[in-house]
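Worksheet: the structure to be examined is printed underneath.
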Protein chains: 2
Amino acid sequence: MAVTLRDVAVKAGVSVRTVSNVVNGFQHIAPGTRARVQAALEELNYRPNLVARSLRQGRTGIIMLVLPEINVSYFGELAHEVVDYASSLGCTVQIDESGGDPQREKQLLTSLAQAGWVDGVLFSSLGLRGVDLAGLAGTRPIVLLGERTAGTALDHVGIDNVEASRQAVAHLIERGRTRVAAIGGSGGARDATSKYRLKGYEQAMKTAGLSSEGLYVRTADYRRGSAASAVRELLARDERPDGLFCFSDELAAGALRALAEQNVRVPADLAVIGFDDIEASRFSTPSLSTVRPDKAGIAKAAVDALLRRLDDPGGEIHEFNVGFELIQRESSG
Amino acid sequence: MAVTLRDVAVKAGVSVRTVSNVVNGFQHIAPGTRARVQAALEELNYRPNLVARSLRQGRTGIIMLVLPEINVSYFGELAHEVVDYASSLGCTVQIDESGGDPQREKQLLTSLAQAGWVDGVLFSSLGLRGVDLAGLAGTRPIVLLGERTAGTALDHVGIDNVEASRQAVAHLIERGRTRVAAIGGSGGARDATSKYRLKGYEQAMKTAGLSSEGLYVRTADYRRGSAASAVRELLARDERPDGLFCFSDELAAGALRALAEQNVRVPADLAVIGFDDIEASRFSTPSLSTVRPDKAGIAKAAVDALLRRLDDPGGEIHEFNVGFELIQRESSG
DNA sequence: CTGTTAGCGCATTCAT
DNA sequence: ATGAATGCGCTAACAG
């Protein structure tokens, strides 16, 4: 069995209360007592039982980060930022994968968050709608990352996807492209991200007086492997596109590969821009132009929002719009 | 306050014992009682408090996966496999980042594992040596992933890095390359991975009767950004290398980029092979030859080993050597 | 300044 | 088949 406060107390010849005080760094302890307790603590190699402490305090000091897939670069990089910032504030982050499956998302929430295992949740979902989540929130606060779905009564942190996408496409148009295509999306009809990115794309085209008719191809997901068929479909058009806006950098990476195979020169024949600015994009050949969401900013805003709500559960619901940046590299000339 | 067993018991007019039995699916409950309890359970939307349950049972049902950096593709993909397999077994995985910092690794172990917050730990470390870890193990089992450091008294899962590296380099040599260089490594003198990969490289060169003199360049870490300077250094040699073994796919990606910038054709002028087979490597231009460790196999072996040790803490220490595969793509001709 | 003790929510042993 | 009561390890309210 592990060594408990009691064991230490007996050893040091004091009460558990005193040991607890020493462990928790209280003031007002007689120097002699403290020394004796410290000695016993070290000798027995005492470790406070976090489970017991959490039960007692009703707080675990852990926040949960729920992501669709941790092996997707964007989420990996976002998770990294969250862990980074949270640990600078003394918080532990528990990362969990939902696989984008609403069932599993629900289960994580009920079995861990509602069960008091974590103090709060940072939730990046493609599956569940905010409305569904609100019902699951229970006693633990949830902060939504990414897309805000309609009618949500939850704090939310994200970027303006419509505007970011509009700027990305406008950039290609400024570079003289007139037949700009777009690819992206995912199976779920609930994929709000693709909805907004498509909207931004269409806005940019319309503003420039260009037709987007037949130039958008939906993909199965946002991964590299899903770009090839979309690209093939676009290249089969009577009039080939001369610009391509990919809803994610991974899609763009897959597209670059598919284009190279078809001997389409980037950017000469076709300019490409992605979304997310994952690290790989700086090193691809050609390097990828993209939209860089302020990941550190998202992480900070999200963690701050969660901690604030922990202190003040009744506070007003907030919406945080974090910045983004257009990164121009070789793929868009 | 959250609803407790007691609340449900009162509502259903039974004792907490009975409610607990229903919740935990015990047999031998009068059908009428069960129905009444079920109704109360649903009406109050009862969620068992995991913290209390864990305190009582001494088990949390959660295993911790400690990785250096989750935004590194290899670790992201490995984490994905671990979560995948563990959840198929009904286990929850908590992922934590150590940043490769021995201090932080130690802290995670003492503050979470020793504190009973998790049942066991899957530990992928660059910093701490197994010997250090063994002392920290305390009451909770630890399974080491990746490199086995000397004198470890812990279960370990990994691949044969020496042999895998030897085969990678031998592959380049078979393709007619004679001046094969190698890049990789990390700051820490404790980086066992680079030690073994370098050893495999040297073995292959020696076996082929080739000199490796001055052909290995150490990098700061295994990331894309660290390859450029190493490549530049190699290209400055009197006689340029015609083959390059990178200790990671990320390094290889950085190298491909640097080579393209210097107008070195791959594989015509220089054949490249990486290590890890991250997803991006299939889609780069040229696509990257690499060594593919059986990530799913590592995940399975590791989780199995941990669960086995939870049941039988006194069992014999095991060493699991998981397979790997040489993947030939465009970069090695 | 420090000892005693209640109770966080649950599973479980001892009764019945 | 179910109730009553104990204690997991800890913190904090209440003494003194």
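Here the structure is a predicted model, which is why all the values come from computation and not from measurement.
- For A:L50 and B:A30, each mapped to the nucleotide of DNA chain D holding its nearest heavy atom, the one lying further toward the 5' end belongs to B:A30.
- Atom CG in A:L55 sits roughly 17 Å away from atom P in C:dA6 (whole-Å rounding).
- Of the N and O atoms on the side chains of B:Q94 and B:D96, at least one donor lies less than 3.5 Å from an acceptor on the other residue.
- Of the two residues contacting DNA chain C, namely A:N21 and B:S20, the nearest-nucleotide position lying further toward the 5' end is that of A:N21.
- With D:dA12, D:dC10, D:dG9 as the choices, the nucleotide that has an atom nearest any side-chain atom of A:Q57 turns out to be D:dA12.
- Residue contacts shown for A:T33 are limited to sugar-phosphate atoms, with no base heavy atom under 4.0 Å away.
- Rounded to whole angstrom, the span from the CG atom of A:D7 across to the P atom of D:dC8 amounts to 11 Å.
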> For A:H318 and A:F320, what are the C-alpha separation, side-chain angles and deciding distance, and is it a ring-ring contact (aromatic ring centres under 6.0 Å, His included)?
Replying inline: CA-CA 6 Å; A:H318 280 297; A:F320 299 90; 5.8 Å; yes
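- Contacts of B:I29 with the nucleic acid, taken as non-hydrogen atoms under 4.0 Å apart, involve only primed sugar atoms and P, OP1 or OP2.
- Comparing the end axes of the helix from C:dC1-D:dG16 to C:dT16-D:dA1, each fitted to five base pairs by superposing C1' atoms of four pairs onto the next four, gives an inter-axis angle of 40° (nearest 10 degrees).
- Going from atom CZ of A:F26 over to atom P of C:dC1 covers 14 Å, rounded to whole Å.
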Using the 3.5 Å cut-off, write out each protein N or O paired with an N or O of nucleotides 14-16 of chain C and the distance between them.
from, atom 1, to, atom 2, distance (Å)
C:dC14, N4, B:R17, NH1, 3.4

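- Distance, A:D119 CG to C:dC8 P: 19 Å, rounded to whole Å.
- Residue order along DNA chain D, read from the 5' end via each residue's closest nucleotide, puts B:G13 first among B:G13 and A:A52.
- Using a 4.0 Å heavy-atom criterion, one finds that A:V51 contacts no nucleic acid atom at all.
- Note on B:L5: only backbone sugar-phosphate atoms sit closer than 4.0 angstrom, heavy atoms only; bases stay farther off.
- When distances run from any side-chain atom of B:T18 to the nucleotides D:dG3, C:dG3, D:dC10, the shortest one goes to D:dG3.
- Considering only side-chain atoms of B:S15, the nucleotide from C:dA11, D:dC10, D:dT2 that sits closest is D:dT2.
- Salt-bridge annotation for A:K295 and A:E81: absent, with no side-chain N of the basic residue lying under 4.0 Å from a carboxylate O of the acidic one.
- Pairs engaging residues 22-33 of chain B under the salt bridge (charged side-chain N to carboxylate O under 4.0 Å, His left out) rule: none recorded [sequence neighbours left out].
- One distance of note links CG of B:L112 with CZ of A:R47; it measures 12.0 Å at 0.5 Å rounding.
- We find the CG-CD1 distance between B:L65 and A:I95 to be 9.0 Å, quoted to the nearest 0.5 Å.
- No hydrogens or angles considered: a donor-acceptor pair under 3.5 Å links the side chains of A:S186 and A:D191.
- Put simply, CZ on A:R53 is 8 Å from P on D:dC10, counting in whole angstrom units.
- Put simply, CG on A:N49 is 8 Å from C1' on D:dC8, counting in whole angstrom units.
- Remark: P of D:dA13 and CG of A:N24 are 13 Å apart, rounded to the nearest angstrom.
- Residues A:D7 and A:Y46 have side chains that never bring a donor and an acceptor to within less than 3.5 angstrom of each other.
- Distance check, rounded to the nearest 0.5 Å: OG1 of B:T60 to CE of B:M64 gives 10.0 Å.
- Straight-line distance from the CZ atom of A:R47 to the P atom of D:dC8: 22 Å, rounded to whole Å.
- Summarising the geometry, atom CZ belonging to B:F75 is positioned 10.5 Å from atom CD belonging to B:E97; distances are rounded to the nearest 0.5 Å.
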